[in-house]
Amino acid sequence: MIVTDLCEARAELKGLIRSSRRLVAFTGAGISTESGVPDFRSKDSSWMRYKPIEFGLFMSDALMREEAWRRKFALDDLYSGAGPGRGHYALANLVACGKASAIITQNIDNLHQASGAPEERVIELHGNGSYARCLSCGARHELLSIRRDFEATGAAPDCSLCGGPVKSATISFGQPMPQDAMERAYRETVRSDLFLAIGSSLVVYPAASFPLLAREHGATLVILNGEETPLDADADLVLRGDIGDILEPFATP
Ligand SMILES: [Zn+2]
């Protein structure tokens, strides 16, 4: 069933959430559009004029590392003022009241944590762009000091502990998926009884395999998105409309 009427969509969702005992949310770029975060994978994004720097190149070429950091800081400046939207607050509330066991996200914008969802409940499949990590020893590094040094020297940062290359803690093209996050997402998905896929075009794999996995394990699958997705026919319910509007009733505790 596809629901496009706002009141009906809210009512359907309310009923499903009420009878759910273990809800898992799965989010993509669409939940952050009202926060002003650009969807840099979308076709009309100015970021697509750059060919993405693949992980192998980042590792092997110091000039590519510098370019990657230049782009990273330029992108950060574009959405430095972004704060959580109604969708983020709604999901944080559902976690807080014990309804939702996890938020699995394809986003790297840290807005689920910023809306109050506890870090251990947020599973990031594509990493997090709000800090960096050493690719050799795994140490966390903060962007503020990296940027200060980068602007002073123009050189890509090396780890202060081991000398290894430091990269934004996101998953780049060609970089292996984070094993721990994938395993946690799998466990949460197969145990859910209601799986809400929100604001994801459901085309980027392996992330997009989770909604079907939930369905195979008996969960009710709801897809909430502004546009059609390739999995709409597999969903129990499709809510098509503005994500913030549909989730607004859940955004205040
Ligand atoms: Zn290191």
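Atoms within each ligand, like the ligands themselves, are counted from 1 in listed order. Remember, it's a predicted structure, so these values are computed and weren't measured experimentally.
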Kindly say whether Arg22 contributes a backbone atom to a donor-acceptor pair with the side chain of Asp193 at under 3.5 angstrom?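 Confirmed, Asp193 side chain pairs with Arg22 backbone.
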- request: With the Zn ion (ligand 1) as the centre, enumerate protein N/O/S atoms below 2.8 Å in chain and residue order.
  value: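 Metal shell, protein only: Cys134 SG, Cys137 SG, Cys159 SG, Cys162 SG.
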Contacts satisfying ring pair (Phe, Tyr, Trp, His ring centres under 6.0 Å) that involve residues 212-253 (not counting sequence neighbours) are none
*Does a donor on one side chain sit under 3.5 Å from an acceptor on the other, for Lys72 and Thr170?*
no
* To do: Sort and list the pairs that fulfil salt bridge (charged side-chain N to carboxylate O under 4.0 Å, His left out) and have at least one residue in residues 239-253, not counting sequence neighbours.
  =>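 Every salt bridge (charged side-chain N to carboxylate O under 4.0 Å, His left out) pair that includes a residue of residues 239-253, provided the two are not neighbours, is Arg10-Glu248, Arg86-Asp242, Arg86-Asp245, Arg86-Glu248, Asp232-Arg240.
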Exercise. Establish whether Ile53 and Met177 are linked, either directly or via other cluster members, by ILVMFWY side-chain heavy-atom contacts under 4.5 Å.
Key: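 Each belongs to a different hydrophobic cluster.
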### Query
Listed by chain and number, what are the side chain to side chain contact (heavy atoms under 4.5 Å, CB included) partners of Thr27, not counting sequence neighbours?
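Per chain and number, Thr27 pairs via side chain to side chain contact (heavy atoms under 4.5 Å, CB included) with Ile31, Leu91, Ile103, Thr105, Asn107, His112, Ile198.
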